[in-house]
J.: 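The structure follows.
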Amino acid sequence: MTVDTASRHSTMSGPARFDPAAEAERATQAILADFTSAHYRGVVVDSPPGAGKSTLVVRAAAEIAATGEPLMIVAQTNEQVDDLVDRLARRLAQNMPSARIGRLSRAGYTAPDRIANLPNVTVDSDLTALGEPTITIATAAKWAHVKDRTWRWAIVDEAYQMRSDSLLAIASRFERALFVGDPGQLDPFSTVDSDRWRGLTWDPMQSAVAVLLRNNPDLPVHRLPVSWRLPHTAERIIADAFYPHTGFRSGTGPGERGLRLGTASGGSTAPIDAVLNEAAASGWGLLELPARYTVRTDSEAAAAVAAVARRLIERRAVARSADQEQPITPQRIAIGAAHRDQVAAIRTALGNLPVAVDTANRLQGREYDVTVVLHPLSGRRDASAFHLESGRLCVLASRHRQACVVVARAGIREVLDTHPPTGPVHLSEPVKFPDGWVANQTVMAHLEAHRVRVR
Amino acid sequence: MSVITAYARARAVAAGVAQPIATVRHVHLAERPLVFVPLTLAGEANAPLAAMIGTDAEKPTLLTVPQPRNRDLRFAFAARLADIVVPYVDSFSHEVEPLRDTVCAVDAPQLIVPNPMGIEFTRLLGRSTRFRRTDGPYAVAPGVPLLGRWLTYFAERAEHPGSCALLALTDALSLHWATGQSALEDTNLAALMAWIDPPAESSGAQAAREAENPKVWPPAGPATDPEFDNQVLAPLIRAYDTSAPDSPARQRALDELEQALASQLEPTWHLMWRGIAHLRSLPPGVSVAGRWAADRRAFTDFHRYVSEGGAPQPRRDGAVAAAYRLNLLERARTTYEAERAFDDPLVMATHRLTGEAFQGTVVSVDRERRVPNEKGNLVTRPLVTVHTKDPVRLPAGAKVAAATRRSQTGLIVSVETVPDGTLVTLELSGGMGRAKVPPPGSVPALDEQLCYSGVLPENIPSPALPPVEETPWTHGGPPQPYEPSDEDAAEVWE
Amino acid sequence: MQNDTDARLRRIRGSARPTRHNARTIAALTGNPGCSRRTIVDTAGVDKEKLARHIGFPSRFGQSEFAITRTNAFQTLLRADDYAELTRLLREVFPEAPEQIQYLDLEATDNTDAQDQRYARDQALISQAIAGNTGATLFDHPLLSLNVAGQNVYLEPELLVFQYGGSAYVVQVRSFAVIDGQANGENVGQAALQAAGYVLALRQTLGNPDAAPPEVLLICPKDFSNVPTITRLDIRWQLIAVEYQLDRLTHIDTLLDALPPHLNLDLGLDASGNPTRPATELIDALRHLPARYFPECLSNCDLAFFCRHEATGHTAALGRSVREELGGIETIAEVLGFAEGTVAPPEEWDEAAALLRGAAWLYAESVAAAAYSGESAALGPSRDSREPERGVS
């Protein structure tokens, strides 16, 4: 592989002893300074997985709220909005008891319990009914129907998941905005396959951030430098594969996180135990099933994925973070796959175990102690753009705090090696890095060192 | 591509003839479509060389350009093409029917070209002619800029899923038949037709191989066979170039060129009508007329725009126009896909196989069930349970509708595995009138056979976008409004 | 080791002069990287076009003289008046470049046997220009060298190299049009891949990976005119892809080791260059080189029609996505046998077979349902000779 490795960690050079908290604080202060300076109409913040994106949004919101100027917040899904409302309400209740949050919702929306009864939150589908809250927050879809008003300040959360046309619908509502998101995750997509807008700086199929930066190339782009979620064992591989030009550091040092497993019993689960032991020791495990071309819902692979999750519970796995230990309950485990039918097959194989099983799209933004992943290329004869998409693999491989176990049929390297990696090229269209093919090669090369074969 | 169509391709290999992948026709076919087979000169961006065009299989018009690099001759071609296309298009504007507070043409023009490259040719020819002016130093014939607007209109409609204003015949055929070759090879019209309708005593495979030989079957264009170019066309164009105007030698060169080009076009011309006839043999799907109505409305609107002297379509979409168009295309796509499955059991089979639809028998009905809604009012929500042997992968909470009862929505309440299949219980709403007890027939009856699909038209709201002149800074700010310029009118076309 | 490999490749090629790799064949390495047949035939320098014609499967990559004329006219126009158009375009990209750009036409004037000397001269000239970092120089037709499977290959010099600011940029001239800022994606993709080969060659020739940036200056006609327009193209992806496949080529000996020792594709050319070896012998030899045929090969490889014939009855001939939907099963006979329950699937195909049985059942049911409702006209001609067609294999 010939990815330029020299420049990768250049931003991380400096004092020999890396102090993650200090680095993160320095970056946050620089972001807030640029944003509140009002020198720029937009400030972009790239955030690797688990780098404290929400914390930043809450902190920035609190700073603006403290000035008394009106702020609007845009998120992409109702769940994201409610999460933010919850966190913001707590923060403001402490520091600014007088501040109020208006949660603008669609008609007929029922607020979940965690925000329904908060004293400083009003929920309504009508903007005027919210009064004049300090902070108004809604999904992009809801904001698109607000007219004739502008806010001095805006924060756009998950801006890389937002499509350019959604931003177009709401951009007139604010004077300046902080755009926060993770560039490594899945790009927004369209069911329409058209080359019509290729090369235009306002191509509506691109992400909101891509369009913003192409039309305003001088806006400052910051990075959150520290992932608090990913363990030290995931730092290099995730940074190399998915953030090759910027990198990031893990907030935890070697050995600060750990996975402790109880004694194994029973003989038939030898490879499963072995891969769990490997994951406990190194943070990664690759359970490799015999090479075979399969239909998408490969039942043997689905069963193996389920068995790994089940065995983790049976062995009373305990997650350690610094000095704290916590048993890993089924709720702290997630299983990820590429397709919905695979998710269904794995759910069937799991039986009643209440482990989250979902596609990459739906696992975005979530966090678990241990994840088990069915590799998107497992059992395939050929790769496709969908299966190679770097965002998909990045989401699947970066949800965990302790360890990640990947289950796959043998032969993925061959599929990658024989895949014609290049297709049509469009003029004036920025090349997105990393390329999915390269990212997949990087990840497989790493996983092979943590391989347990099933015979 | 789905397992069903892949399986049909495998069947076609074994059977030696294409296999149906649709039981109804999913495209509208006009009574008198305008069939258009263009040829272009190799190496040029968009230099028309010849075209065969017409609404009557027996009476095609042949247009040729004796020297495609000559600008005047190109515009002469465009003018003659305009004399055919513009009156054809106009002929649909006279008969109208009321539509809300306005009117809509009862029928609309339909252009059919051999393949997707033919659509691209149409788009580019529209692009190179629509900005022309009929006065000033680079004046062109009056029909040329109109031709440009209409060809552009057709090419843009072709991007709308389900639109039939401009069809590529290979696409339309491939939607209904699976051949024993690859999709890539299916873009060759002659090879595709060889599979769909092989000559007697020949297998589709054999006939398709023969059809690939450009000497036997000249390519369906717009690109020509390089050997024809080098051995026939080039000497004739040279003969034309070197002969004196109005000389017998020039007339001879012209005649021979026409003959040569006609020989390249005629086989495809006949193939086009054979393919169309083959498609016509299928009964239209239930939703086809509705989609054609959208084409009729689009035609009516654009015809009005053109008659009122509307400016040519801009070179590229601005930010707001692009977002609007994307929204329209996405809505058209989701509706089209749902409708196609509802119209056709063979398309639905794909969804049944993946568990997104299921067919079965009603085994219990609670027609009079009433439950309180969000506001606490009692509403009628019948329950039906369907027994199916299909592999159901729809979870509780999913919305479905039946092909035969499209206006009624079912919400899956439970999915239960039983020894001989699956029991799916649905809560129904809509499509049963306002009475407290739904009238008989408005709710599925016991023993009724039904196919419920979870592939429904997604509810994509139309976007609330700013006016063009308020395009925000994030998207480059308000664009310069387009003013047709002299430069556009004088653009080089050489 | 390398000598063994070279000797082996020479033996496969036989008595004919080698067909050299060029930017096109290097770009093609990424087109179907799993195809050992193409890899070996190309690396051995076998004349694929001649081979395909001789065995009865001629390729159809004819070029129209109209296209050639247009390309030549465009190339001439760019170089006319002491490269005036090229100078204007390059200064559009580099506005700070001096108004006078030096140009050097390095095109060979006599026979090409003196390639080594030409290469040495061109290498020195470009290196000096970069080291001097002075002004701006345009090199027309420089000869570059690239290591392919352990052999140094001179690349056919159909390119321009522009030295400015201590960097050497590959300039590619293509005759497809850029209309309203857009060009055909396949054409641009091909240009980018070929440029990647040139950039790698330039880096190797100059002995300095930093000397040639990962981009290409693409010059094409604008809209419907002959007026040239220039676009900067980022080719980092293409560089990674081409470099990766070049790297894999260094392991070609493992492919060669798997072949029968005396295998060769010698066409037995007579004095006038016509093949004399019996076609059947060559076909037998080719069969020992494992191909990986896909329909896309038809537009990329001279041998594709032969490989397609050979792949008759295989799911790969229907396209990658069809094969994937069929669970990766190899042959049509197996697919239909499993689907109709006439062939018992081996355990490894159990699931695929179950899916196919479901598909077959639904297919039959849906077709029958339509026929029942009086729409049998829908189903077109039916002919049911269920004998899968078998290819030569």
Side-chain angles (χ1 to χ4, degrees), chain A residues 41-42 106-110 141-147 156 163-177 179 189-206 208-209 211-216 219 295-297 339-341 343-345 347-348 384, chain B residues 1 3 120 123 155-156 158-161 315-337 353-356 373-375 391-395 398 415 417 454 458 460-479:
Chain A
R41 302 189 78 171
R106 69 177 144 77
Y109 174 79
T110 328
K142 182 67 191 172
W143 275 118
H145 293 279
V146 173
K147 294 287 159 214
V156 181
R163 222 166 58 181
S164 154
D165 53 343
S166 298
L167 177 62
L168 177 63
I170 64 164
S172 306
R173 301 280 73 79
F174 54 79
E175 286 173 29
R176 50 186 56 80
F179 295 85
F189 77 104
S190 169
T191 52
V192 168
D193 180 23
S194 173
D195 288 341
R196 184 181 179 93
W197 304 293
R198 299 261 190 195
L200 292 175
T201 58
W202 50 76
D203 181 345
M205 314 243 259
Q206 287 189 310
V209 180
V211 162
L212 174 80
L213 289 176
R214 286 186 69 192
N215 286 291
N216 302 274
L219 296 183
V295 294
R296 235 156 58 178
T297 50
H339 294 282
R340 280 183 306 183
D341 50 5
V343 166
R347 281 216 182 100
T348 310
S384 75
Chain B
M1 187 49 54
V3 179
E120 179 64 5
R123 184 180 78 82
E156 291 192 341
E159 294 177 15
H160 282 252
R315 289 187 155 80
R316 303 290 300 268
D317 291 342
V320 174
Y324 266 120
R325 193 189 298 269
L326 175 58
N327 178 267
L328 279 181
L329 296 183
E330 285 183 328
R331 283 196 284 171
R333 157 134 334 265
T334 174
T335 312
Y336 175 54
E337 274 171 7
L353 192 63
T354 57
E356 287 174 288
N373 69 3
E374 279 160 0
K375 292 175 186 151
V392 183
R393 276 216 183 94
L394 292 159
V415 181
T417 312
E458 241 178 285
I460 304 175
S462 61
L465 297 173
V468 174
E469 62 278 10
E470 287 170 27
T471 304
W473 59 276
T474 53
H475 289 64

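Convention: sequence-line order gives letters A, B, ...; per-chain numbering from 1.
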J.: Quick one: pull up CZ in B:Arg325 and CG in A:Asp165 and give me the separation to the nearest 0.5 Å.
T.: 14.0 Å

J.: Using every non-hydrogen atom in the two residues, find where B:Glu159 and A:Ser194 come nearest and quote the distance to one decimal.
T.: OE1-OG, 4.3 Å

J.: Name the member of B:Glu458, B:Glu156, B:Glu470 that forms the most heavy-atom pairs with chain A at distances under 4.5 Å.
T.: B:Glu156

J.: Between A:Arg196 and B:Arg316 (side chain of the first, backbone of the second, donor and acceptor by atom type, cut-off under 3.5 Å), is there such a pair?
T.: no

J.: Using heavy-atom distances under 4.5 Å, tell me whether B:Val320 contacts chain A through its side chain, its backbone, both, or neither.
T.: both

J.: Based on non-hydrogen pairs under 4.5 Å, which of B:Gly477, B:Ala322, B:Pro395, B:Ala332 is most in contact with chain A?
T.: B:Ala322

J.: Name the option with the most non-hydrogen atom pairs under 4.5 Å to chain B; the candidates are A:Leu213, A:Thr201, A:Val211.
T.: A:Val211

J.: Taking C-beta and beyond as the side chain, do A:Trp202 and B:Thr471 meet within less than 4.5 Å on heavy atoms?
T.: no

J.: Looking at CD of B:Glu330 and OG1 of A:Thr191, how far apart are the two atoms once the value is rounded to the nearest 0.5 Å?
T.: 4.5 Å

J.: Counting heavy-atom pairs under 4.5 Å to chain A, which of B:Asn327, B:Asp317, B:Val3 comes out on top?
T.: B:Asp317

J.: Looking at A:Val209, A:Asn215, A:Leu212, which one forms a side chain to side chain contact (heavy atoms under 4.5 Å, CB included) with B:Thr474?
T.: A:Leu212

J.: Is any side-chain heavy atom of A:Asp341 closer than 4.5 Å to one of B:Thr354?
T.: no

J.: Below 4.5 Å from any heavy atom of chain B, which atoms of A:Arg296 appear? Answer side chain, backbone, both or neither.
T.: neither

J.: Is chain A contacted by the side chain of B:Glu356, its backbone, both, or neither, given a heavy-atom distance below 4.5 Å?
T.: side chain

J.: Pair A:Asn216, B:Trp473 - check side-chain hydrogen bond (donor to acceptor under 3.5 Å, both in side chains), show working.
T.: CA-CA 8 Å; A:Asn216 302 274; B:Trp473 59 276; over 6 Å; no

J.: Which atoms of A:Arg198 are under 4.5 Å from chain B, going by heavy atoms: the side chain, the backbone, both sets, or neither?
T.: backbone

J.: A:Thr110 versus chain B, heavy atoms under 4.5 Å apart: side chain, backbone, both or neither?
T.: neither

J.: Table please: side-chain donor-acceptor pairs of residues 167-177 of chain A below 3.5 Å, with sequence neighbours left out.
T.:
{"from": "A:Arg173", "atom 1": "NE", "to": "A:Arg149", "atom 2": "O", "distance (Å)": "2.7"}
{"from": "A:Arg173", "atom 1": "NH1", "to": "A:Val146", "atom 2": "O", "distance (Å)": "3.2"}
{"from": "A:Glu175", "atom 1": "OE1", "to": "A:Arg152", "atom 2": "NE", "distance (Å)": "3.4"}

J.: Any side-chain heavy atom of B:Leu326 sitting closer than 4.5 Å to one from A:Ser190?
T.: yes

J.: Is it the side chain or the backbone of A:Leu219 that comes within 4.5 Å of chain B heavy atoms, both, or neither?
T.: side chain

J.: Please report the interatomic distance CG(A:Asp193) to CZ(B:Arg333), rounded to the nearest 0.5 Å.
T.: 8.0 Å

